[in-house]
Amino acid sequence: MNIEELIKKRKDQLDLDSPPAELWDEIQKDWKQEKKFSWWKAAAAIFIATSIGLLLHNISLQSQMDELASLGDISEEYKSIEDSYLIQISELESSIEISQARSQEDFTWIFDELNTLEEINKLYRNDIGKINEDQLVGVLIDCYEKKIRLLKKLELEIKRTNKFNNDEETNTNSVSL
C-alpha cells in the first residue's frame, strides 16, 4: 500500500476542525511547565554579565598600563630634565625634513639607530617603579642624549648633502657655458 492510498483510507481521521481534547490538555501541560522560572538560566545570565564586566575592567587596566611612565613619575627634578630633552628633540625634528630624509638611503642607518633608541627607551620606561631608579634615569638620559646627537648628525648630513648637490649643480652649469 502506497502513501496516497493510506491517506485516502484515513482521510476522515485527518480532517478535524479542532484537535482532540486529550491532545490540547497535553499541550497546555507542557506549556505551563515551560513558564517555570529556571535558576540555571538566571545563573548563566549573571555569569555572562560578570564575565563581560571583568573583561572590560581588565581591558581598561591594560590600556592604563600601556601608557609609559616618564621620569616625572620619579621626581619633579627628573621631569624638568626630561622635558628639556623632549623640547630639544622636538625642535630638532621640526627643523629637519624627516619625511624627505627617510626616503634617502644614505640616512637609513641613522633612522635604524633612532628606532633602536626608541625601543630601548620604551623598555626602560616600562621598568620605572620596578627596578633601581638611579640606573633607569641614567639609561633614559643617555637615550635622550644619543637621540639628540643622532638628530644633529642627521641635520648636518642633510646640509652637507644639499651643499654637495648645489655645488655639483653650479659646477655643471659653469662647465656647460
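Residue numbers start at 1 and run along the sequence shown.
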Legend entry - Side chain S90, main chain L86, donor-acceptor under 3.5 Å: no
Legend entry - Distance in Å, I110 CD1 paired with R149 CZ, rounded so as to fall on 0.5 Å steps: 13.0 Å
Inset, instruction - Say whether, by atom type as modelled, one donor and one acceptor occur between the side chain of S84 and the main chain of S80 under 3.5 angstrom. - result: no
Inset, instruction - Establish whether L56 and I48 are linked, either directly or via other cluster members, by ILVMFWY side-chain heavy-atom contacts under 4.5 Å. - result: yes
Legend entry - Check against side chain to side chain contact (heavy atoms under 4.5 Å, CB included), N121 and Y144: CA-CA 8 Å; N121 188 299; Y144 287 129; 3.6 Å; yes
Inset, instruction - Could you walk me through whether K122 and E119 pass side chain to side chain contact (heavy atoms under 4.5 Å, CB included), step by step? - result: CA-CA 5 Å; K122 285 179 184 177; E119 289 174 18; 5.8 Å; no
Inset, instruction - Begin with the C-alpha distance, continue with both residues' side-chain angles, and end with the deciding distance and a verdict on side chain to side chain contact (heavy atoms under 4.5 Å, CB included) for K146 and D142. - result: CA-CA 6 Å; K146 285 179 180 177; D142 187 48; 3.2 Å; yes
Legend entry - CD1 on I148 to CD1 on I89, rounded to 0.5 Å: 4.5 Å
Legend entry - Lys/Arg-Asp/Glu bridge criterion (N-O < 4.0 Å) met for E113, K147: no
Legend entry - Worked check of side chain to side chain contact (heavy atoms under 4.5 Å, CB included) between F111 and L154: CA-CA 9 Å; F111 288 107; L154 178 62; 3.7 Å; yes
Inset, instruction - Answer with yes or no whether the hydrophobic clustering places W109 together with L151; edges join I, L, V, M, F, W, Y residues whose side-chain heavy atoms lie under 4.5 Å apart. - result: yes
Legend entry - Electrostatic pair E155:K152 at N-O distance under 4.0 angstrom: no
